[in-house]
Engineer: 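Dropping the structure in here first, questions after.
Below, all heavy atoms of this structure are taken into account, side chains as well, without hydrogens, waters or symmetry copies. Everything numeric in this text was worked out from a predicted model, so none of it was measured. Proteins get letters first, then strands, A, B, ... in listed order; numbering begins at 1 in each.
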Number of protein chains: 2
Amino acid sequence: MTSIRETKKRRTRAAIMQAAVKLFSEKGFEKTSIEELAREAGIGKGTVYSYFQTKSDILHAFCEDELVCLHQELTANADKEIPLLRQMVNIYMSEFKMITENREFGRLFMQQTAFPRDADLEKHLENEDQYFRVLFPLLEKAQERGELRRDLELLHITGHFYGLYLLLVSAWFTGRVPTEEAEIALETLFRQALEGLQPPPAAGISTT
Amino acid sequence: MTSIRETKKRRTRAAIMQAAVKLFSEKGFEKTSIEELAREAGIGKGTVYSYFQTKSDILHAFCEDELVCLHQELTANADKEIPLLRQMVNIYMSEFKMITENREFGRLFMQQTAFPRDADLEKHLENEDQYFRVLFPLLEKAQERGELRRDLELLHITGHFYGLYLLLVSAWFTGRVPTEEAEIALETLFRQALEGLQPPPAAGISTT
DNA sequence: GGGAAAAATCGACTGCGGTCAACTTTTATC
DNA sequence: GATAAAAGTTGACCGCAGTCGATTTTTCCC
């Protein structure tokens, strides 16, 4: 039942997204006005707001579409038996690449993702759940392989990796970690998280 | 040499901050207009902008003042020889309390702190450095006591704690961690980071 | 203390995000 | 196909963040 209405709606939404990507890329998010965007998309200003609640929602919708693609790719490919460390680095680095492709996009997206407005909470939680559906199976397998402690909740474990990912992105925005070093930095951090920050308990006795 | 000018400037700045705290608390950040704030402070609208570059800078300045106080307190008190885990939980929990006192304040502050605008980078880096000056001595002491591996850079170690703190705050905003459980959650995460996520290498052989 | 340069104050103005009531298009019903 | 209800579109309009040139206050120098 593809009614005229449905078809038009999809077309209009697509037109908005297309105009948004074009203009945001060309002149940046802040410098693009909704009125201009509407003109580019061939519709009225008000119409934009019947598809998206705020200007940054448009950006956000775009990023989320990208993320969904990315997750599908990842679930399709990444089930392999490579070490958890590599898997995690791969997953988060593909996200990192997406985020850092456009600095302004990325900042707004991360700000909203890490500390979302209350109005966006529901959508946000859905997204997170989708995330967990990607990660949990990988973590379970790793637990089976003995790469992860079994006495920890999966939610906590994802938390550790996600926290370090947030840190990396934050450090990238502040310039502490340049793009080229991001992967090494992330891998180091993840490895340290796996090994633990305190000295191994049973091993050789320290010389002091 | 406290010229009239200096005195007035300090007084005006204080008046703005005072008006901001009052109005933001009463009616929230978004609902308070700069014009109103200026009226409350007894000055013209334009003057506000010769003290702060943007509206949220006012908020941010307030939070930073609070943070400086907090850090001074912490450096004064916290050098004691209690376990690193407790020290870290204390430090980050006092920050957490400040952030979560006012939801809207906290969100904006965290968004700007974790993913700052390029214009704010310099100020941001100064702040971070001040942070390190508080944390590094504590970490060094912990290394001396054998609570922390010595083969890790202090910067990385602070990163681990800070990353988990970001995670906690993010989880609080999404409602996954209620205020009452925050401290336990943070302590758990920090302990896990110290112990490591992978099973201890030398200990008993698994039953499988 | 006079007078000019520098700093600070001000509010009218601009531009944009977001709203809304009037209007047009689509659907459902007979 | 006529018609009424529902859904979708629109641009004039509103409120506010941020700008800027005109004006006032402070400092500095003689």
Engineer: To the nearest Å, give me how far apart NZ (A:Lys55) and P (D:dC16) are.
Structural biologist: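 Taking NZ of A:Lys55 and P of D:dC16, I get 19 Å after rounding.
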
Engineer: What pair of heavy atoms forms the shortest contact from B:His124 to B:Thr113, and how long is it?
Structural biologist: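 What the structure gives for the nearest pair is CE1-O, 2.7 Å.
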
Engineer: Kindly give the heavy-atom pair with the smallest separation between A:Arg103 and B:Asp118, and that separation in Å.
Structural biologist: NH2-OD1, 2.7 Å

Engineer: Identify, between B:Glu35 and B:Thr12, the residue whose nearest nucleotide on DNA chain C lies closer to the 5' end.
Structural biologist: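 Nearest-nucleotide comparison on DNA chain C picks B:Thr12.
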
Engineer: Under 4.0 Å, counting only non-hydrogen atoms across every strand here, what does A:Phe52 touch: a base, just sugar-phosphate, or nothing?
Structural biologist: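 Nothing: the residue A:Phe52, judged by heavy atoms under 4.0 Å, touches no strand.
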
Engineer: Round to a whole Å and report the spacing from CZ of B:Arg13 to C1' of C:dA8.
Structural biologist: 16 Å

Engineer: In whole angstroms, how far is the C1' atom of D:dT9 from the CD1 atom of A:Ile34?
Structural biologist: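 Computing the A:Ile34:CD1 to D:dT9:C1' distance gives 16 Å.
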
Engineer: Nearest whole angstrom, please: distance from the C1' of D:dA17 to the CG of B:Leu108.
Structural biologist: 14 Å

Engineer: May I ask you to say what A:Thr7 touches in the nucleic acid, namely base, sugar-phosphate or nothing, with a heavy-atom cut-off under 4.0 Å?
Structural biologist: nothing

Engineer: Please step through side-chain contact (heavy atoms from CB on, under 4.5 Å) for the pair B:Thr100 and B:Phe173, ending with a clear verdict.
Structural biologist: CA-CA 9 Å; B:Thr100 56; B:Phe173 276 108; 5.8 Å; no

Engineer: Within less than 4.0 Å of OP1 or OP2 of C:dA8, is there a side-chain N or O belonging to B:Ser50?
Structural biologist: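 The answer is no; no side-chain N or O of B:Ser50 sits under 4.0 Å from OP1 or OP2.
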
Engineer: Between the side chains of A:Thr179 and A:Trp172, is a donor N or O closer than 3.5 angstrom to an acceptor N or O?
Structural biologist: yes

Engineer: Check this one for me: any side-chain N or O of B:Tyr51 less than 4.0 Å away from OP1 or OP2 of C:dT9?
Structural biologist: yes

Engineer: Taking the ring of A:Phe190 and the ring of A:Phe161, is the distance between their centroids below 6.0 Å?
Structural biologist: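 Yes: the rings meet the under 6.0 Å criterion.
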
Engineer: Measure CD/A:Glu6 against P/C:dT26 and give the value in whole Å, please.
Structural biologist: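 Atom-to-atom, A:Glu6 to C:dT26, this comes out as 13 Å.
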
Engineer: What integer distance in Å separates B:Gln53:CD from D:dA17:C1'?
Structural biologist: 14 Å

Engineer: Base, sugar-phosphate, or nothing: which does B:Thr47 touch, judged by heavy atoms less than 4.0 Å apart?
Structural biologist: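 Base contact - B:Thr47 has a heavy atom under 4.0 Å of at least one base atom.
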
Engineer: Map B:Arg5 and A:Ile43 onto DNA chain D by nearest heavy atom, then report which one ends up closer to the 5' terminus.
Structural biologist: A:Ile43

Engineer: With a 4.0 Å cutoff (strictly under), does any side-chain N or O of B:Lys9 reach OP1 or OP2 of C:dA8?
Structural biologist: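 So the side-chain polar atoms of B:Lys9 do come within 4.0 Å of the phosphate oxygens OP1 or OP2 of C:dA8, strictly under.
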
Engineer: May I ask you to say what B:Lys45 touches in the nucleic acid, namely base, sugar-phosphate or nothing, with a heavy-atom cut-off under 4.0 Å?
Structural biologist: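 Touches a base.
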
Engineer: Whole angstroms only, please: what is the OH-C1' distance between A:Tyr49 and D:dA7?
Structural biologist: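 Taking atom C1' of D:dA7 as the reference, OH of A:Tyr49 is at 21 Å.
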
Engineer: Tell me: CZ of B:Arg117 to P of D:dG18, nearest whole Å?
Structural biologist: 8 Å

